[in-house]
Amino acid sequence: MRTRSSAVFGNRYVADVVAAIVGLAAEPEIGVTVRMIAQRAGLTDNLVRPVVKRLVEAGLLVPHQQLRPRGPSYHRVRIDLPLWQALEQTCRFLGNQ
């Protein structure tokens with residue numbers, strides 16, 4: 001899957017990160033953190049952080065205001081967007097091939 005993720009997205013871990021977010025986003029109002037995603041995907045924070053940044057830039061994750069300056073950064077998942085749904089389906093397909 002990581003080879004296909006690299007070929008399609010230019011990053012080996014996009015499909016893993018999206019799959020982890022899908023598993024965590026059952027309650028999207030709670031939000032997800034890089035640490036939560038990394039633990040779920042079995043990756044390090046440093047591998048997840050650039051993917052999260054790209055998803056924020058695409059408008060698929062929306063950062064919450066941090067309550068503490070050194071606290072975790074929560075992101076709301078925009079599962080209502082057709083683009084998120086297409087990304088989720090694409091990543092699921094990449095994992096099934």
Worksheet entry | Nearest heavy-atom neighbours spanning L43 and L47 |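 Taking L43 first and L47 second, the nearest heavy atoms are CD2-CD1, 4.2 Å.
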Can you check whether [X] reaches [Y] side chain to side chain, under 4.5 Å on heavy atoms?
X   : Y   : value
V56 : V62 : no
V77 : L60 : no
V32 : Y74 : no

Worksheet entry | V52 vs H75, side chain to side chain contact (heavy atoms under 4.5 Å, CB included): CA-CA, chis, key distance, verdict | CA-CA 9 Å; V52 168; H75 297 82; 3.9 Å; yes
Item to complete: Any pair with a residue in residues 51-62 that passes salt bridge (charged side-chain N to carboxylate O under 4.0 Å, His left out), sequence neighbours left out, goes on the list, sorted by first then second residue, please.
Response: K53-E57
Worksheet entry | salt bridge (charged side-chain N to carboxylate O under 4.0 Å, His left out) contacts touching residues 80-91 (sequence neighbours left out) |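 Matches after skipping sequence neighbours: R78-D80, E88-R92.
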Practice prompt. Check for a donor-acceptor pair, side chain of T90 on one end and backbone N or O of A86 on the other, with a separation under 3.5 Å.
Written response: yes
Worksheet item: Does any N or O in the side chain of R76 come within less than 3.5 Å of the main-chain N or O of G31, such that one atom is a donor and the other an acceptor?
Response: no
Discussion item. P50: which residues meet the side chain to side chain contact (heavy atoms under 4.5 Å, CB included) condition with it, sequence neighbours left out?
Written reply: none
Practice prompt. Sort and list the pairs that fulfil side chain to side chain donor-acceptor pair (under 3.5 Å) and have at least one residue in residues 35-52, not counting sequence neighbours.
Written response: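 Qualifying pairs: R35-D45, N46-R49.
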Could you list the donor-acceptor pairs under 3.5 angstrom formed between side-chain atoms of residues 8-24 and any protein atom two or more places apart in sequence or on another chain?
unit_1 : atom_1 : unit_2 : atom_2 : d
N11    : OD1    : Y13    : N      : 2.7
D16    : OD2    : R2     : NE     : 2.7
D16    : OD2    : R2     : NH2    : 3.3

